[in-house]
Protein chains: 2
Amino acid sequence: MLLKLVDLEEKRRDAILNAALKEFATKGFDEASTNVIAKESGISKGLMFHYVNSKKDLFLFLYDYCTDIINNEYLELMNFNERDIFERLRQSYLLQLELLRKHPWIFEFNKVSTITKSEEINKELEERLKGKQSLCYETMFDLIDESRFREGLDFERCKQLIFWANVGFTNQILEDIRTLENNEFDYDKIIARIDGYFNELRKLFYK
Amino acid sequence: MLLKLVDLEEKRRDAILNAALKEFATKGFDEASTNVIAKESGISKGLMFHYVNSKKDLFLFLYDYCTDIINNEYLELMNFNERDIFERLRQSYLLQLELLRKHPWIFEFNKVSTITKSEEINKELEERLKGKQSLCYETMFDLIDESRFREGLDFERCKQLIFWANVGFTNQILEDIRTLENNEFDYDKIIARIDGYFNELRKLFYK
DNA sequence: TATCTCATTGACCTATTTGGTCAATATGTC
DNA sequence: GACATATTGACCAAATAGGTCAATGAGATA
């Protein structure tokens, strides 16, 4: 369970975690390099392996760590009773932003971490996938209030368009967050931008 | 100039080209593996190197090959006098589709191929970048007819939203094209889908 | 059938990188 | 000074990198 890692002082632990998150998220398990992770963490390779045992253990630890965080600090807190799609999405943004501040690669890792050359890891992941609740297009766009939309629109296409607008917007924010090295990004400014876009979307789609 | 490759029978040449395109596009020059390219091309490594000389030569050949194609069969044919943004985008789709049929990774390669660890290649690319016309957000959304848009909309935000819708839609099409192995995708069906979306966009944004 | 030609293979080369270890050192505490 | 813990980087075997080349296959010519 990587106790040595868990008991580590927060700053260094997060440095390792985020470096690993980034490396795995961008290259996948097989192509990811522990050398890169160690270097990015700012510690020697020896020390890193002292904390994480092996590449495989680190990866699986990260997997559990991320699903836990996403479950507890995001999915659990989402209120899907909100039927206004833009309110629901806004809520989602606020929660995600909070996570991204600490772990800029957490969602990317969550997407990529599925298929591996290592049979051992594939098996472990398959095991953990059972009963895992995941956030997808379907849940996000399920049971939304259609009556607010303008007449004459194709509802399915509209949902798709709103979804794409969101993907684009999310990527823009992510890029912003990742480029600034200093941890303090302007939370309020981002939210203002988010509200600006939702305002525009309302004008477009709602009566 | 890789004469041996150019003089090759089309089927095999395209197999090599597309395998290389895909590998470079997904991993970048440094991480791309010639072993993978050879295997994906369906020929032995020895034969592949007989055709392409070296990894570097192959990459630079591909770079020129792609810019030529994109220039001659896309940018040159675009009519930027068309002021209706949706007509302009539709035009762009039709031209791109034609290219994608032959080379499913050409645009991805074009995006990724910029930064490398090899100083030699960086220099060559920098050289070729001078005076290269490229398709970007600015040119695509420049000088479009604003008067057709509904009143009260924020024009800049609208352009951004239309752009994101396009990125999303393009990716969906790309995914479709890449998953079907048989070369014959249903051109008319895709165009019908494209027109459906542009129709929806018109309803949303135009008076 | 024997010979010449050229396409094609895969074993092989060296150099680098891989995940991972460990004896040696730095650092701090009593 | 002695002890304990944190930390390093040289080192390992195994794998993989880009690239070569002697040996083979197949087809045409005679």
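All values reported here derive from a predicted model rather than from experimental measurement. Below, chains carry the letters A, B, ... as their sequence lines are ordered, and counting in each starts from 1.
- Dashed line: the shortest gap from a side-chain N or O of B/Ser44 to OP1 or OP2 of C/dG10 is not under 4.0 Å.
- For the 3.5 Å distance criterion, the side chains of B/Tyr197 and B/Asn166 fail to qualify, holding no donor opposite an acceptor.
- Taking atom CG on B/Asn35 and atom P on C/dG10, their separation rounds to 14 Å, with Å as the unit.
- A close approach under 4.0 Å does occur between a side-chain nitrogen or oxygen of A/Ser33 and OP1 or OP2 of C/dG19.
- Within 4.0 Å of A/Ala32, counting heavy atoms only, lie sugar-phosphate atoms of the nucleic acid but no base atom.
- As a whole-Å value, the separation of B/Ile43 CD1 from C/dG10 C1' is 13 Å.
- A sub-4.0 Å separation between OP1 or OP2 of D/dT7 and a side-chain N or O of A/Tyr51 is present.
- For the pair A/Phe29 CZ and C/dT18 C1', the computed distance is 12 Å after rounding to whole Å.
- The only option from B/Lys45, B/Glu23, B/Glu40 that meets the side chain to side chain donor-acceptor pair (under 3.5 Å) definition with B/Asn35 turns out to be B/Lys45.
- The cationic group of A/Arg88 does not satisfy the cation-pi geometry with A/Phe80, failing either the under 6.0 Å distance to the six-membered ring centre or the 45° limit from the ring axis.
- Within a 6.0 Å radius of NZ in B/Lys159, other residues, nucleotides and ligands contribute more than 12 heavy atoms.
- Rounding to whole angstrom units, NZ of residue A/Lys56 and P of C/dG19 are separated by 15 Å.
- A straight line from CD1 of B/Ile37 to P of D/dT16 spans 17 Å, rounded to a whole angstrom.
- Minimum heavy-atom separation, A/Phe29 to A/Lys55: O-NZ, 2.9 Å.
- When distances run from any side-chain atom of B/Phe49 to the nucleotides D/dG19, C/dG19, C/dT9, the shortest one goes to D/dG19.
- Rounding to whole angstrom units, CE of residue B/Met48 and P of C/dA7 are separated by 17 Å.
- For the pair B/Gly42 and A/Leu47, nearest-nucleotide mapping onto DNA chain C gives the more 5' position to B/Gly42.
- Here the P atom of nucleotide C/dT17 and the NZ atom of B/Lys27 are 16 Å apart, to the nearest Å.
- If you check distances only, the side chain of A/Lys45 never reaches the base of D/dG9 with a donor-acceptor pair under 3.5 Å.
- Here the P atom of nucleotide D/dA14 and the NZ atom of A/Lys55 are 18 Å apart, to the nearest Å.
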